[in-house]
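This report concerns only the one structure given below.
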Amino acid sequence: MIVFAIETSCDETSISIVQDEKIDKRILSLVTRTQVNEHQAYGGVVPELAARAHLSNIEPVINQAIRQAEIELDAIDAIAVTAGPGLIGGVLVGITLAKALHISLNKPLYCINHLEGHALTARLSHDVPYPYLLLLTSGGHCMFVEVLGFRQYTLLGQTLDDAAGECFDKIAKLLDFDFPGGPALEKKAALGNPKRFAFPRPLEHTPLPNFSFSGLKTAVKQTIEKSILNQQTVCDIAASFQYSVGEIFKERLQKALKCSHHKVERLVMAGGVAANQYLRSQLQSVCADNAIEAIFPPMNLCIDNAAMIGWTAIEAIQNSVLPSTDEFQPKPRWPLEQIQL
Ligand code: KG4
Ligand code: ZN
C-alpha cells in the first residue's frame with residue numbers, strides 16, 4: 001500500500017510517499033521545504049505569509065517527492081493530508097490539494113490529525129509497540145499522552161498556557177537570535193552557564209504532569225531587560241532557561257509515570273522540541289533510572305513532516321478506518337483525545 005501525504009499546517013511545506021513495508025523501505029520520499037526566509041524578519045510565523053508560501057512551494061515540492069520516489073502518481077493507493085489542528089490558511093492549501101487528487105485520481109482520502117502524526121512517528125521510525133508514554137512538545141503543544149493503542153489516547157497533562165517551543169521561540173526573539181529560535185537558542189545555551197540565573201519552574205508543587213511556561217517566559221524576559229547583554233550573559237541566559245525547561249521536563253515525567261494507567265516501559269519524545277539534544281539527554285537520564293526505554297525519532301521526523309501523516313493513514317487503513325469524504329472541513333482546533341476508532 002502506497003500513500004501520498006501532505007503536511008502544510010504550520011511553516012513547513014512537506015510531501016511524502018510512504019508504504020507499509022519494513023522500516024528501511026517505508027519512506028519512498030520525503031521532501032520538506034521550510035519557510036525560514038519568509039518569516040525571518042518577523043521573528044515568528046506570520047499565518048498569511050505561511051499560506052502564500054505553501055501555495056508557491058507546493059508544486060516544486062510535489063514534483064521533487066514524486067521524482068525521488070521513482071513512482072507514477074497512479075501507483076498511489078490513498079491520499080493523506082493534515083486537516084488540523086494548525087494555521088487555517090496552510091491547512092486549506094493542503095486539504096484543497098488532497099481533495100483535488102482524491103477526485104482526479106479516484107483514490108481514497110484520509111484527513112489526519114497533525115498531533116496524531118507526531119504521536120505515531122516513533123512507530124514509523126522505530127516500530128515501537130503499543131503501549132507507550134508520549135511527550136509531545138512542539139511550537140503549539142506540550143503534553144503527556146498515554147498511547148495505549150491506535151486511536152486510544154489518554155491525555156495525562158498538558159500546558160495551561162504557552163507551549164515549550166513557543167517559549168523557546170519568544171525568548172530567542174528577545175535575545176535577537178536567528179529565526180527559528182529553538183535551534184539557535186540550543187546552540188547558544190551550549191556555550192553558557194546553566195546555573196547563573198535561577199528561573200522558576202511553574203506548577204512544580206502540583207501532582208499532575210501539566211505545564212505552564214508563561215511565568216518562566218516572563219521571568220527570563222525581566223532578566224533580559226535588566227541585564228547588560230554581552231555575549232557571555234546572552235549565552236548564560238539561554239543556558240539557564242534551557243536548564244529550567246530540562247528540570248521541568250524531568251520532574252513532570254516523574255509525575256506522568258505516577259499518573260499513567262499502564263506500567264510504562266517506553267517513553268517517546270516527539271514534536272519539534274524533541275530535536276533538542278540537551279532535553280533529550282535529561283529525559284533519557286530519568287528513563288535510565290526507571291528502566292524505561294527512551295525513543296527519539298530522527299530529526300527530520302521530529303519537525304513537521306508529511307511522512308508521519310502518511311504513516312498515520314497507513315495505520316488507519318490497517319485498522320479498517322473508513323476514508324474521509326470530500327465534505328471534510330479543516331479543523332483549526334482538534335484535540336488528540338477526541339479522535340477515536
Ligand atoms: O513540531 P514543530 O516542527 O511544529 C509545530 O507543530 O509546532 O515544532 C516547531 C517548534 C518551534 O517552536 C521550534 O523552535 C522548536 O520546535 N524547536 C526546538 C528545537 N528545534 C525546533 N526547540 C528547542 N530546541 C531545538 N533544537
Ligand atoms: Zn508539529
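Numbering of ligands and ligand atoms starts at 1, following listing order.
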> Considering only the protein, which heavy-atom contact is closest to atom 24 (N) of ligand 1, and what is its distance?
Replying inline: Asn276 ND2, 3.0 Å
> What about Gly271: any of its N or O atoms under 3.5 Å from an N or O on ligand 1?
Replying inline: no
>> A side-chain contact here means heavy atoms from C-beta on lying under 4.5 Å apart; do Leu101 and Ile76 qualify?
In response: no
> Which option out of Ala275, Gly139, Cys10, Ser14 puts a heavy atom nearest to atom 10 (C) of ligand 1?
Replying inline: Gly139
>> What verdict does the ring pair (Phe, Tyr, Trp, His ring centres under 6.0 Å) test give for Phe241 and Phe168, after you've listed the backbone C-alpha separation in whole Å, the side-chain angles of each residue and the deciding distance to 0.1 Å?
In response: CA-CA 9 Å; Phe241 160 70; Phe168 266 88; 4.9 Å; yes
> If you count the atoms of ligand 1 from 1 in the order shown, which ones are under 4.0 Å from a heavy atom of Asp169?
Replying inline: 11 (C), 12 (O), 13 (C), 14 (O)
> Among protein heavy atoms, which sits nearest to atom 4 (O) of ligand 1, and what does the distance come to when rounded to 0.1 Å?
Replying inline: Asp304 OD2, 3.1 Å
>> Does the Lys NZ or Arg CZ of Arg280 fall within the cation-pi geometry relative to Phe249 - under 6.0 Å from the ring centre and within 45° of the axis?
In response: no
> Given NE2 of His118 on one side and NE2 of His114 on the other, what angle do they make at the Zn ion (ligand 2), to 10°?
Replying inline: 90°
> If you measure from each non-hydrogen atom of His118 to ligand 1, which part falls under 4.0 Å: side chain, backbone, both or neither?
Replying inline: side chain
> Counting distance only, does the side-chain N/O of Asn210 pair as donor-acceptor with the main-chain N or O of Thr159 below 3.5 Å?
Replying inline: no
> Regarding His114 and Glu7, is there a side-chain donor-to-acceptor distance under 3.5 Å anywhere?
Replying inline: yes
> Has His141 got any heavy atom lying under 4.0 angstrom from an atom of ligand 1?
Replying inline: no
>> Checking a contact table here: which protein heavy atom is nearest atom 21 (C) of ligand 1, and how many Å away?
In response: Gly272 O, 3.3 Å
> Once you round to the nearest 0.5 Å, how far does CD of Glu337 lie from CG of Leu156?
Replying inline: 10.5 Å
> Is the shortest heavy-atom distance from the side chain of Gln231 to the side chain of Lys188 under 4.5 Å?
Replying inline: yes
> Any N or O of Ile303 that comes nearer than 3.5 Å to an N or O of ligand 1?
Replying inline: no
>> Measuring from non-hydrogen atoms of Pro180 to any atom of ligand 1, is the shortest distance under 4.0 Å?
In response: no
>> Regarding His141, does it place an N, O or S atom less than 2.8 Å from the Zn ion (ligand 2)?
In response: no
> Considering only heavy atoms of His114, which atoms of ligand 1 have at least one such atom less than 4.0 Å away?
Replying inline: 6 (O)
>> If the condition is side chain to side chain donor-acceptor pair (under 3.5 Å), which residues does His126 pass it with, not counting sequence neighbours?
In response: none
>> I want to check something: taking the side chain as every heavy atom from C-beta on, are Glu146 and Pro131 in contact at a cut-off of under 4.5 Å?
In response: no
> In Asp304, which N, O or S atom comes closest to the Zn ion (ligand 2)?
Replying inline: OD1
> If you count the atoms of ligand 1 from 1 in the order shown, which ones are under 4.0 Å from a heavy atom of Gly165?
Replying inline: 12 (O)
>> Within the 4.0 Å heavy-atom shell around Glu186, which atoms of ligand 1 are there?
In response: 25 (C), 26 (N)
> Any sub-3.5 Å donor-acceptor pair from Thr233's side-chain atoms to Leu229's backbone N or O?
Replying inline: no
> How close does the nearest protein non-hydrogen atom get to atom 22 (N) of ligand 1, and which residue and atom is it?
Replying inline: Gly182 CA, 3.5 Å
> Between Ile15 and Ile58, is any pair of side-chain heavy atoms under 4.5 Å apart?
Replying inline: yes
> Quick one: which ligand 1 atoms are inside 4.0 Å of a heavy atom on Gly140?
Replying inline: 7 (O)
> Strictly under 6.0 Å, is that where the ring centroids of Phe211 and Phe144 end up?
Replying inline: yes
> From Cys10, does some N, O or S atom reach closer than 2.8 Å to the Zn ion (ligand 2)?
Replying inline: no
